[in-house]
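Take a look at the structure set out below.
Every number for a ligand or one of its atoms is a count from 1 in the order of the listing. In what follows, every heavy atom counts, from backbone to side chain, and hydrogens, waters and symmetry copies are set aside. Since this is a predicted model, take the numbers as computed values, not measurements.
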Amino acid sequence: MKITNAKVIVCCPGRNFVTLKIETDEGLTGLGDASLNGRELAVASYLNDHVLPMLIGRDAHRIEDTWQLLYRGAYWRRGPVTMSAIAAVDTALWDIKAKAANLPLYQLLGGASRERVLVYAHANGRDIGHAVEEVQRKVALGYRAVRVQSGVPGLEKVYGVARGNGPYEPADGALPSEEDWDSAKYLRHAPKLFDAVRQAVGDELQLLHDVHHRLTPIEAARLGQDLEPHRLFWMEDPTPAEAQEAFRLIRRHTTTPLAVGEIFNTIWDCKTLIEEQLIDYIRTTVVHAGGITHLRRIADLAALHQVRTGCHGATDLSPVCMGAALHFDLSVPNFGIQEHMPHNALTDEVFPHAYSFHEGFMHPGEVPGHGVTIDEALAAKYPYQRAYLPVNRLQHDGTLWNW
Ligand code: CS2
Ligand code: MG
């Protein structure tokens, strides 16, 4: 089966998405997500200018060979733009192969290892009271796991908290907006947030929290200790992870489970973290970590060291990524949990899909392929709108900090 055409579709049904569509001489097509929040056009160009010309005429079934060609053949290996482009090609080819076999994608990955996929919701509050209400609202929707974030007293704008009453979308301006940060204020506040949430919902609900790269290792160790009474499912991105060994200090001081990896793009970003069991969940995703092919390699390494998967699933990853991820989640033996931030209704209209949510779990559906399509005519009505992620500055002196 030969690849006859490939095109990149950039659209903005409320936020930007980059989608790769591959067509074959047998009439089968496949979709891959290539969305990289705030750098979408870089991936679109990488695909259009450097990858697609290499695909035409290739055997669509040769997924692994194509992956190796795009990874080794670039000479300049790794990085979020390169690996998101490779991921889109890989995901589209897996979609095609599953359609050719007339099977849902998970059947090609070894079949189902579970009946359904546990997911977690986001509860974001302006303050503690609002966060508690949001947790209770997600529990009422059936979620059994909820990530809790809230505003921090004394800080104007904080990660995870929507401006106004709309859903939280961090990419909020044609140039990066500036948020302020103070770790001391946050460290005093976070334990109070979870005291209140546990008080309101009891011990059974799985609670998660995203530190979003903002603490030093010793501060993260402190927070992990302070949150131990609340038995979190995980504390995410406690400190920047370029220096994987930084997690040794956190690990020495706390039993709060750790999750990292949504910004990782290859196995090399997490090899030490996994092999030394410095983390409990690896958050790498289909769209940013080289597609299904590479994500399976990461998951297999993680399985050797009792690390489980916890794929990133924010709204800046398209429904194509969510669909493919759910097939991966249904099959991977060391599955942990899947993030679920539902897309807006318009996005769901642009990307019709077979996956579904029911009482805290999701399922990818049984249609051949990954089960996600794109309404190109509708997508064309919503052209790209430049939007950047915010940056963070320390409140007391303006130092540029981790957002
Ligand atoms: C967050 C993401 O969902 C999460 O865990 O870390 O929403 C992250 O802020 C965005 O994906 C950035 O684009
Ligand atoms: Mg995160």
query = Is the closest side-chain donor-acceptor distance between His130 and Asn124 under 3.5 Å?
reply = no
message = Below 4.0 Å, non-hydrogen atoms only: which portion of Tyr168 touches ligand 1? Side chain, backbone, both or neither.
response = neither
ask   = Is it true that some N/O/S atom of Glu339, main chain or side chain, lies under 2.8 Å from the Mg ion (ligand 2)?
value = no
task = Return yes if a side-chain donor-acceptor contact under 3.5 Å exists between His370 and Asp95, otherwise no.
result = yes
Minimum-distance protein heavy atom relative to atom 6 (O) of ligand 1 = Glu262 OE2, 2.5 Å
ask   = Considering the options Gln149, Lys138, Glu339, which one meets the side chain to side chain donor-acceptor pair (under 3.5 Å) requirement together with His122?
value = Glu339
inquiry  = Suppose we only count N/O/S atoms under 2.8 Å; would Glu262 qualify as near the Mg ion (ligand 2)?
reply    = yes
query = To the nearest 0.1 Å, how far is atom 3 (O) of ligand 1 from its closest protein heavy atom, and which atom is that?
reply = Glu339 OE2, 2.4 Å
inquiry  = Quiz question: by atom type and distance under 3.5 Å, do the side chains of His363 and Glu115 form a donor-acceptor pair?
reply    = no
task = Verify whether one side chain among Arg15 and Asn37 offers a donor that lies under 3.5 Å from an acceptor in the other.
result = yes
query = Closest non-hydrogen protein atom to atom 9 (O) of ligand 1, residue and atom name please, with distance?
reply = His212 NE2, 2.8 Å
Protein residue, atom and distance nearest to atom 7 (O) of ligand 1, heavy-atom basis = Ala314 CB, 3.5 Å
task = Could you tell me whether ligand 1 has any atom less than 4.0 Å away from a heavy atom of Tyr159?
result = yes
Where the Mg ion (ligand 2) is the vertex, angle from Asp210 OD2 to Glu236 OE2 to 10° = 100°
ask   = Between Trp181 and Ser183, do the side chains contain an N or O donor and an N or O acceptor separated by less than 3.5 Å?
value = yes
key: Geometric N/O contact Arg283 with ligand 1, under 3.5 angstrom   = yes
request  = Using only heavy-atom distances, determine whether the side chains of Thr254 and Glu228 contain a donor-acceptor pair under 3.5 Å.
outcome  = yes
key: Region of Met341 engaging ligand 1 - heavy atom pairs below 4.0 Å   = neither
inquiry  = Does ligand 1 come near enough to His312 that some N or O of the ligand is less than 3.5 Å from an N or O of the residue?
reply    = yes
Residues His189 and Ser150: side-chain donor-acceptor under 3.5 angstrom = yes
ask   = Can you tell me which residue and heavy atom of the protein come closest to atom 12 (C) of ligand 1, and the distance to 0.1 Å?
value = Asp316 OD2, 3.9 Å
